[in-house]
There are 2 protein chains.
Amino acid sequence: MIDEQQVAITDSEWDLMRAVWTLKRVTSRQLIEIMETERQWAPSTTKTMLRRLIKKNAISQVGDTRPFDYVPAVREQQSMDAAAVRLFDSMCAMRTGSAVAAVIQSRELSQDDIANLQQILAEKMKTAPKTVACNCLPDGNCMNMNEGDEHIGQ
Amino acid sequence: MIDEQQVAITDSEWDLMRAVWTLKRVTSRQLIEIMETERQWAPSTTKTMLRRLIKKNAISQVGDTRPFDYVPAVREQQSMDAAAVRLFDSMCAMRTGSAVAAVIQSRELSQDDIANLQQILAEKMKTAPKTVACNCLPDGNCMNMNEGDEHIGQ
DNA sequence: TTTTTAAGTTTACAGTTGTAGACTAATAAC
DNA sequence: GTTATTAGTCTACAACTGTAAACTTAAAAA
């Protein structure tokens, strides 16, 4: 019964969601204060986001008496995984490896994270194909490095 | 003189961009046909996307006589890297590793890709911290696994 | 129990995105 | 040279986003 339909979370919604995930159960008051001091959001902005996230089923309102509490309705890791996978879905398969490399290089990973990734990669290597085909339209190879980049940049 | 300000590419724009990257130099006619057969886009939709991408400086119009040609103005790999890094920027640093793992597990990587990643990870391991702090608001630890997940899912 | 205040709900509004029709200006065909 | 085709530009429009004011209702305070 885990949350099936992963909701799409927008940029600023991530901000609010992260606070809710961190606090696990919050009042709108708390959220308003946090977003106000940390993100300069007007109280109304937080209220609107909260309302939208509830409608999207990413947050649930609990309690029946007035200062309600709000709790996450989707898990953080799952939402992150889904968002990341989704993004890669829209990009060329052939270049996934490099993009993942860029991400890894751009941020800090713990020893455990790295060990875990190494473990996964070692396993994956066993059945890895020599190459991954480009899946861009029109069934072409977006990577053939002939001419073509002269116009890029300014 | 590489493209500095990486433009934000939307979901459907990725589709068109990929075709442009693949073909390197295309006419609107070609694009219209590709998107029409492969994505069921109305000709106008392709035209609009093309126009918007030009305005965003992701594609350049070249030539001075009527059937113009269109060429990418940003590099595919760079755009992918930027988009991926950007997404991770809005999510919890502490969970980056797991999300990257999810991505890796979700798709095919070539032997070279894997070797490259392994190389990067090995290098990164040398200076990897024991743990990566959660950078969610309110400076909390979004990962402390006490109670809190009872409400999730339905 | 009337007033205040805080919490929650509606409305607003510009900009973006997905989709696409309408219109205009070059070319190509006759 | 007209006319028919295209290629390119403008307009449209609803849904979604970022941002927030206005309004309403339920508690809390007086």
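Computed over heavy atoms, backbone and side chain alike; hydrogens, waters and symmetry mates excluded. Proteins come first, then strands; the chains are lettered A, B, ... in the order of their sequence lines, and each starts at number 1.
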Give me, pair by pair, the N or O atoms of the protein and of nucleotides 19-21 of chain C that are less than 3.5 Å apart, along with how far apart they are.
from: C:dT19; atom 1: O4; to: B:Arg52; atom 2: NH2; distance (Å): 3.1
from: C:dA20; atom 1: OP2; to: B:Ala42; atom 2: N; distance (Å): 3.3
from: C:dA20; atom 1: OP2; to: B:Thr45; atom 2: OG1; distance (Å): 3.0
from: C:dA20; atom 1: N7; to: B:Thr48; atom 2: OG1; distance (Å): 3.1
from: C:dA20; atom 1: N6; to: B:Thr48; atom 2: OG1; distance (Å): 2.4
from: C:dG21; atom 1: N7; to: B:Ser44; atom 2: OG; distance (Å): 2.5

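- Ion pairing of A:Arg39 with A:Glu36 is absent here, as no side-chain N (NZ or NE/NH1/NH2) approaches a carboxylate O to less than 4.0 Å.
- Rounded to whole angstrom, the span from the NZ atom of B:Lys55 across to the P atom of C:dT16 amounts to 9 Å.
- Summarising the geometry, the separation between CZ on B:Arg29 and C1' on C:dA28 is reported as 14 Å, rounded to the nearest angstrom.
- An OP1 or OP2 oxygen of C:dT17 is reached within less than 4.0 angstrom by a side-chain nitrogen or oxygen of B:Lys56.
- Atom CE in B:Met35 sits roughly 17 Å away from atom P in D:dA7 (whole-Å rounding).
- Counting any heavy atom pair closer than 4.0 Å across all strands shown, A:Arg51 reaches a base atom.
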What's touching nucleotides 25-28 of chain D from the protein side, N or O pairs under 3.5 Å?
from: D:dT25; atom 1: O2; to: A:Arg66; atom 2: NH2; distance (Å): 3.3
from: D:dA27; atom 1: OP1; to: A:Arg66; atom 2: N; distance (Å): 3.3

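- A salt bridge links B:Asp11 to A:Arg86: at least one charged side-chain nitrogen sits closer than 4.0 Å to a carboxylate oxygen.
- Picking from D:dA7, D:dG18, C:dG8 the nucleotide with the shortest atom distance to the side chain of B:Ser28 gives D:dA7.
- Put simply, CD on A:Gln30 is 15 Å from C1' on C:dA6, counting in whole angstrom units.
- For the pair A:Asp11 and B:Asp69, both in contact range of DNA chain D, the more 5′-proximal nearest nucleotide belongs to B:Asp69.
- Note: CD1 (A:Ile32) to P (C:dA6) measures 11 Å, nearest angstrom.
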With side chain to side chain contact (heavy atoms under 4.5 Å, CB included) as the test, would you mind laying out the steps for A:Tyr70 and A:Leu50 before giving the verdict?
CA-CA 9 Å; A:Tyr70 298 91; A:Leu50 189 52; 3.8 Å; yes
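- Atom P of nucleotide D:dT19 and atom CD of A:Glu13 are separated by 11 Å, given to the nearest angstrom.
- Rounded to an integer number of Å, the gap from CD of A:Glu36 to C1' of C:dA6 is 14 Å.
- When each of A:Thr22, A:Leu23, A:Val20 is checked for a side-chain contact (heavy atoms from CB on, under 4.5 Å) with B:Cys136, only A:Thr22 meets the rule.
- Side-chain atoms of A:Lys130 never come within 3.5 Å of backbone atoms of B:Asp112 as a donor-acceptor pair (strictly under, hydrogens ignored).
- Regarding A:Leu31, its CG atom lies at a distance of 17 Å from the P atom of C:dA6, rounded to whole Å.
- Proximity of a side-chain donor or acceptor of A:Asp113 to a complementary backbone N or O of A:Ser110 within less than 3.5 Å is detected.
- Between A:Arg51 and A:Gln61, the closest side-chain pair of non-hydrogen atoms falls below 4.5 Å.
- A donor-acceptor pair is defined here as one N or O able to donate and one able to accept, closer than 3.5 Å; no such pair exists between the side chain of B:Gln105 and the backbone of B:Ala102.
- Counting only heavy atoms from C-beta outward, the side chains of B:Met80 and B:Trp14 approach each other to under 4.5 Å.
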